[in-house]
Amino acid sequence: MSEEVKEGFHPADTNGDGQVSKEEEQMYLEFKRKELEDQDAMRDAQRNMTWFALGGLLLYPFAVVLASLAGLDQAQETLGDMAPTYFVAVAGIVAAFFGTQAMKKK
Ligand SMILES: [Ca+2]
C-alpha cells in the first residue's frame, strides 16, 4: 500500500493527512469487505428471485391442470385469466436479470 499512501488522496485516508494509518486501513478494508458482501448478497437475492419466478412459470401449467382435476372451476378460470399478465411479469424479471448480468460483463 506504500505507493497509494504517497498519492495523498487515497480513499482510505479519511482524515486527509496524506497517510493511511492502521485504523484507516482497517476501516477501509472493512468497508470494502462489506461492499463486496453486499454485492454478493444482492446477486444471490436476484438469482434466487429469478429461479423462483422461473419455477413458478414452469409450475403454472401444472397448477391449472391440478385445479381442473380438483374440479376447482373458479380457480382454473382465474389462473387462465391471470396467465398473460403473469407470464409477461416473469419474462420481465428474467429479462432484467440476464440483461444486467450481460451488461456487467462488458
Ligand atoms: Ca490519514
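None of the values given here were measured: they were computed from a predicted structure. In this chain, residues are counted from 1 in sequence order.
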Practice problem: Apply side chain to side chain contact (heavy atoms under 4.5 Å, CB included) to Asp73 and Gln76, showing your working. | Solution: CA-CA 5 Å; Asp73 291 342; Gln76 190 194 353; 4.0 Å; yes
Quiz item: Given Glu35 and Lys32, is the salt bridge (Lys or Arg N to Asp or Glu O under 4.0 Å) satisfied, shown in steps?
Solution: CA-CA 5 Å; Glu35 209 176 54; Lys32 278 279 158 205; 3.4 Å; yes
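Rounding to the nearest 0.5 Å gives a distance of 10.5 Å between CD of Gln74 and CG of Leu79. With rounding to the nearest 0.5 angstrom, the CG atom of Leu29 is 11.0 Å from the CE atom of Met27. With values rounded to the nearest 0.5 angstrom, Thr50 atom OG1 is found 8.0 Å from Gln101 atom CD. Note that the OG1 atom of Thr100 and the CE atom of Met42 stand 8.0 Å from one another [nearest 0.5 Å]. Rounded to the nearest 0.5 Å, atoms CG (Asp44) and CG (Asp40) are 5.0 Å apart. The distance from atom CZ of Phe62 to atom CG of Leu69, rounded to the nearest 0.5 Å, is 11.5 Å.
Both Met82 and Val94 belong to a common hydrophobic cluster when Ile, Leu, Val, Met, Phe, Trp and Tyr are linked at side-chain heavy-atom distances under 4.5 angstrom. Trp51 and Leu57 fall within the same hydrophobic cluster, where Ile, Leu, Val, Met, Phe, Trp and Tyr residues are linked whenever their side-chain heavy atoms come under 4.5 Å apart, directly or through other members.
Phe31 is linked by a ring pair (Phe, Tyr, Trp, His ring centres under 6.0 Å) to nothing, counting only residues two or more places apart in sequence or in another chain.
The two residues Glu24 and Gln19 come nearest to each other via the heavy atoms OE1-O, 2.8 Å. The minimum heavy-atom distance between Asp13 and Gly18, with the atom names listed, is OD2-N, 2.7 Å. Residue Leu54 comes nearest to Val90 through the heavy atom pair N-CG1, 4.5 Å, listed as atom of the first residue, atom of the second, then distance.
Ion pair Glu30/Arg33 flagged as a salt bridge, since at least one NZ, NE, NH1 or NH2 atom sits closer than 4.0 Å to an Asp/Glu carboxylate oxygen.
Among residue pairs with one or both ends in residues 87-106, those qualifying as ring-ring contact (aromatic ring centres under 6.0 Å, His included) are Tyr60-Phe87; sequence neighbours excluded.
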